[in-house]
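These notes concern the structure reproduced below.
Proteins come first, then strands; the chains are lettered A, B, ... in the order of their sequence lines, and each starts at number 1.
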Amino acid sequence: MELNELEKIRVEKIRKLEQFGLVAYPTRANIDATISQASNAFEKAETDEKDQPVEFTLAGRMRSLRVMGKLAFTHIEDSTGKIQLFLRINELGEKLQFFKDFFDIGDFIEAHGSMMRTKSGEISLLVDDFRLLAKAISPLPAAKEEMVDGELVRYTGFSDPEIRYRQRYADLAVNPNVREIFRTRTKIVNALREFLDMNDFLEVETPILQPIYGGAAAKPFTTHHNQLHQDLYLRISFELYLKRLLVGGLDRVYEIGRDFRNEGVSYKHNPEFTQLEFYCAYFDYLKVMDFTEKMIRFAAEKALGRTQFTYNNVEIDLSKPWARVNMRDSILEKTGIDISQYPDQESLGAAMTAKSIQFKPGTPRGKLIDQLVGDYLEPAFIQPTFLYDYPWEISPLAKRKPDDPTTTERFEGFIAGMELCNAFTELNDPIDQEIRFLELGRAYASDDDENNPIDEDYLRAMRYGMPPCGGFGMGIDRLTMLFTDSRTIREVILFPHLRERDSNTEEE
RNA sequence: GGGCGUAUAGCUCAAUGGUAGAGCAGUGGCCUUUUAAGCCAUUUGUUCUGGGUUCGAGUCCCAGUACGCUCACCA
């Protein structure tokens, strides 16, 4: 590994330390409080007007350093906050010189002393002893910041997105707002879990390695089990396994986990992403809509502490019920085309051509409708909106409407023009399900796409009898994007997928 | 996969085809209340990679790589 000049200097410091019989990476730390605990305790002692000194041993990473002749200031940071260390020759004697010689920004330091306020009023630890806890050899990208009128101002930064994602550890270390995004993400997941648990759902885990993939329309990643001589797929959804559990009498189940789709990467697509799916016996899609509103609102309250948030400079309000938009009516309104009048690919295509709407020749009816939705409806769904009643062709796992077999009881939820969730009254009729699978297989064959064999075991499960139920799937990453005002999915995934680098450029 | 853009010091960025620079970081010095500390001095480059044009290329051309935006794809 090639070290640069700065790194060589710091390695040399480690070598010198060892000559003095000291270690750069001691095994144990001996702190007795976190940084926030210490400052809180001191503030309390101040208000209680207690005279005895408040002493602590604290530790953290040095984030700033101001050295004067006979004194020095450094801010240290742990995950609870920042505090200033005040080092003076008065308390430290010649050990101050040791500090000046061997400590750098980025190092982890442990310091003992008593809490005080400096002349400018900042809570600080007046240090009477300290030691190195871990030496940083590589300098962290410089990111200086200060609070001006409550606003965080950053003067230089670590902003190249590529390096930020490739070296997320450094990104997290220098950009507090990035740490905040991932704290919020965890709060969201915890809140969703709490909400579902409160509603008597059972959290389960289903296979990620699947012999037959299904539950969504996406290309899978393929892998192989050597001993069994069997090709396996990384799941593209949880759906078919979770619904098997309803056959088994687990009436309310959910899973939060990773899906893998071998598709294009974009600001809202990552090859692996986190999904929440739940299934609830005796729910239909209307009940799922009500439940979804409550669940998202609950997540916002828990993760953000409020039900309004700003995304892309637009105020989104979750406190009100979501708009509910019928797909047929809405397409008619926006394009003048009544899809119910055009039951096949040819007639709908002709209607679109008559309106000068272009499409790829040979596109099946379902995908034409999908295109109309994507082009004319979705971008307008800024405030939370449920778009409901999808054509059966693109909804092979959803139940048909009792009064209209060409339409299914399915909805998708949108916020800020982005698809967030997908849900339906689940198809529990094994005979209809088999017809749909066969139809789907035909569509795939004509599309010259991946061969997607019928999941016979799923049909067998359904033949045992599946209760009527509602199901729901939501991208956790996208919800996190919304709640953290992130413009790309990579901002909310700790280690997003990036193209592999050449080995010769990978090395420093 | 297509189009457009970007790639220069550890970080953020400059540089008419004519000696590759600044701020911060680093190093040395001064400094007992700083907080983007200050002052003085000072070090650092495969200008993404490989070709080409030219007396001369960070700059122009071609190819490649990565990233960003965008389009396509995406039940």
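- Side chain to side chain, Gln167(A) and Asp171(A) fail the donor-acceptor criterion of an N or O pair below 3.5 Å.
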Check the pair Arg244(A), Thr206(A) against side chain to side chain contact (heavy atoms under 4.5 Å, CB included), reporting the backbone distance first and the verdict last.
CA-CA 10 Å; Arg244(A) 281 172 169 92; Thr206(A) 61; over 6 Å; no
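- At whole-Å resolution of the value, CG in Asp370(A) and P in A72(B) are 13 Å apart.
- Here the separation of G64(B) from C55(B), taken at their C1' atoms, is 29 Å to the nearest Å.
- Remark: P of A75(B) and CZ of Arg410(A) are 9 Å apart, rounded to the nearest angstrom.
- Pairing of G17(B), defined by two Watson-Crick or G-U wobble distances under 3.5 Å, is not identified with any nucleotide.
- Taking the side chain of Ala217(A) as heavy atoms from C-beta on, and the options U34(B), C74(B), G68(B), the nearest nucleotide is C74(B).
- Nucleotide C4(B) has G68(B) as its partner under the Watson-Crick or G-U criteria, with both atom distances under 3.5 Å.
- Between Arg61(A) and Asp107(A) there is no salt bridge, since none of the side-chain N atoms of the basic residue sits less than 4.0 Å from a carboxylate O of the acidic one.
- In this entry the distance linking CZ of Arg164(A) with C1' of G68(B) reads 12 Å, nearest Å.
- Nucleotide C30(B) has G38(B) as its partner under the Watson-Crick or G-U criteria, with both atom distances under 3.5 Å.
- For the P atoms, the distance from U8(B) to U59(B) is 13 Å, rounded to whole Å.
- Here the nucleotide nearest the side chain of His269(A), chosen from G68(B), A75(B), C74(B), is C74(B).
- Atom name C1', nucleotides G52(B) and G10(B): the rounded distance is 33 Å, in whole Å.
- Between the CZ atom of Phe99(A) and the C1' atom of U34(B) there is a distance of 13 Å, rounded to whole Å.
- Put simply, CE on Met474(A) is 20 Å from P on A75(B), counting in whole angstrom units.
- A salt bridge links Glu426(A) to Lys243(A): one of the charged nitrogens lies within less than 4.0 Å of a carboxylate oxygen.
- A20(B) and C71(B) are spaced 42 Å apart, taking the P atom of each and rounding to whole Å.
- Atom-to-atom, CG of Leu85(A) to P of U34(B) comes out at 17 Å; the value is rounded to the nearest Å.
- With a cut-off of 3.5 Å on both pairing distances, the Watson-Crick or G-U wobble partner of G10(B) is C24(B).
- To the nearest angstrom, P of A75(B) lies 19 Å from CG of Leu427(A).
- If you check every strand for non-hydrogen atoms under 4.0 Å, Arg261(A) touches nothing.
- Going from atom OH of Tyr390(A) over to atom OG of Ser395(A) covers 8.0 Å, rounded to the nearest 0.5 Å.
- With both ends at atom P, the span from C40(B) to C69(B) equals 42 Å, rounded to whole Å.
- Listed pair Arg166(A) / C67(B) meets the phosphate criterion, a side-chain N or O lying under 4.0 Å from OP1 or OP2.
- The CD1-C1' distance, from Ile137(A) to A25(B), rounds to 17 Å in whole Å.
- Here Glu393(A) lies out of heavy-atom contact (under 4.0 Å) with every strand.
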Per-nucleotide protein contact along nucleotides 26-33 of chain B, 5' to 3', at a 4.0 Å heavy-atom cut-off (B base, S sugar-phosphate only, - neither), is SS---BBB
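- Comparing Tyr390(A) and Arg487(A) against RNA chain B, the residue whose closest nucleotide sits nearer the 5' end is Arg487(A).
- Rounded to the nearest Å, the gap between the P atom of C48(B) and that of U34(B) is 43 Å.
- Distance from the side chain of Arg66(A) is smallest for U34(B) among the nucleotides A75(B), U34(B), U70(B).
- Going from the C1' atom of A25(B) to that of U44(B) covers 11 Å, rounded to whole Å.
- Base pairing analysis places C73(B) opposite nothing; no Watson-Crick or G-U wobble pair with both distances below 3.5 Å involves it.
- In a base pair of the Watson-Crick type (N1 to N3 plus N6-O4 or O6-N4) or a G-U wobble (N1-O2 and O6-N3), with each distance short of 3.5 Å, A57(B) is matched with no nucleotide.
- Glu94(A) CD: 12 or fewer foreign heavy atoms inside a 6.0 Å radius.
- Side-chain N/O atoms of His112(A) and Glu55(A) include a donor and acceptor closer than 3.5 Å.
- When the C1' atom is used for both G1(B) and U43(B), the distance is 47 Å, rounded to whole Å.
- Between Leu459(A) and Phe437(A) there is a side-chain heavy-atom pair separated by less than 4.5 Å.
- A side-chain donor from one of Asn422(A) and Arg410(A) sits under 3.5 Å from a side-chain acceptor of the other.
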